[in-house]
J.: 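Below you'll find the structure I mean.
Both counts, for ligands and for their atoms, begin at 1 and track the order of listing.
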Amino acid sequence: MPATFDETAQSTTWDRAREVVPRGVSSGHRVGWRQVLVKASGAYVWDEDGNRYTDYLNAWGPIVLGHCDRRVNEAVFQAVNTCDLTGVGPQRGEYELAEKICEVMPSAQKVAFCTSGTDATMHAVHVARAATGRLKVLKFHGSYHGWNDHVAVGSSRADLTTTSALNTPNGGGLHPAVVGDVVVVEWNDFDGLRAAFAEHGDALAAAFAEGYVHSFGCVAAKPGFLELLRELCTANGVVLVFDEVKTGFRAAIGGYQSICGITPDLTAFGKAIANGYSLAGLAGSDDLMGHLGAYTKDEATIDGTYNASPYALAAANKTLEIMESDDVFTTLHARGARMREGIQQAIDEAGAVATVTGLGSEWCVYFRDEAPANFREAMQSDGERYARYHASLLAQGVLEPAFPTGDRRLNAATSEADVEKTLECVRRALRAAAD
Ligand code: PLP
């Protein structure tokens, strides 16, 4: 881990939190900051010492319109003041949101809602198994799909070498038999993909892919790779699942599938759909989604006290409405493109061994001479130089991921002036990285 990733950071708040919460936080990526953030608005967040940061983490994806968006919050207040959780029948916001998603997302004929990306990918596995009667799942090396045992394999950074095994479990406590049923293929490895289908094709229930990988930064599929994946899934009767937890409602309102033109059978989504409120879901064909919801031993079940809660639905319906009425994607793409162009220019001027990649509102800076094509290559980004780059940006009030392959993103409240100011900070950070 880079030097800035300081687990022993001292502050009264951290000390107090560590007394009662494991490592002080309930989500692993929040470890390691000295900062404790107490306020957020638009493009900015503030720490408890009063320092302001331009936020390019955006909670790892959900904040897409801007922090504490007043319009979204008002829709939420109205929903919870009208009818809160009941546990009876359909919610109005539920079918309205599902109708909207079916309109904009190519793979969606039916949609079911849950609370996290981890829930959504778990339900995708259950549906695929119920539909095919098979057990195995294929996924790509380095891609993170949440913490359910079926897919929490092959994206651990611990012990990763140029020759380490692909299908290592992501953490302790996973069931070895479940892990053993996961086939892991290197991203962009055409021959490896063909070989995996040749060996396991008739035993695979599902193949999972982030159509555009954000788990180790910003790494596109090589031309033809997604087409090959689609073709092999169709030929072998395997359910193709796109994990659009990060790209859905961020790369485009219809997800990355609406950009790349490959339609999966199922889509897991979450994060940006509700601008920070906890909503996720699974979309797919009528046929496949028909396997979800029954209480029979042969079908998959979706059940959750907080699934499709009225406040999260209200947030999502309002977020999608604003995305369209305010032409949010034009703004996000223009600002993101300018950021990438400016960073590349700064890299060239500094003569730094670095490269910037990205899509729409997202980007990643790798301290290596060329853009990575897979997980191992991405992980070869120089951690020492990244640590200096990151520390310099943080000291200048720019909040970015604390590890080298973290993807970063802006939200629609980030102004042109914010971007230009950040580019000045990037120029100084590149000089600091070189020292
Ligand atoms: N899939 C991808 C691609 C993700 O990036 C994440 C989380 O970062 C997940 C799934 C899991 O989503 P959640 O954190 O909502 O459980």
J.: Kindly say whether the aromatic ring centers of His291 and His126 come within a distance under 6.0 Å.
T.: no

J.: Please find out if less than 6.0 Å separates the ring center of Tyr44 from that of Tyr53.
T.: no

J.: Among pairs that include at least one residue of residues 216-232, which meet salt bridge (Lys or Arg N to Asp or Glu O under 4.0 Å), considering only residues two or more places apart or in two chains?
T.: Arg230-Asp265

J.: Apply side chain to side chain donor-acceptor pair (under 3.5 Å) to Arg335 and list each qualifying residue two or more places apart in sequence or on a separate chain.
T.: none

J.: Can you confirm whether more than 12 heavy atoms, excluding those of Arg92, are under 6.0 Å from its CZ atom?
T.: no

J.: Below 4.0 Å from any atom of ligand 1, which residues have a heavy atom? Give them in chain and number order, please.
T.: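 Only Ser116, Gly117, Thr118, Tyr144, His145, Gly146, Glu210, Asp243, Val245, Lys246, Lys271 have heavy atoms that fall under 4.0 Å of ligand 1, ordered by chain and number.
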
J.: What residues, two or more places apart in sequence or in another chain, satisfy ring-ring contact (aromatic ring centres under 6.0 Å, His included) together with Trp187?
T.: Phe140, Phe225

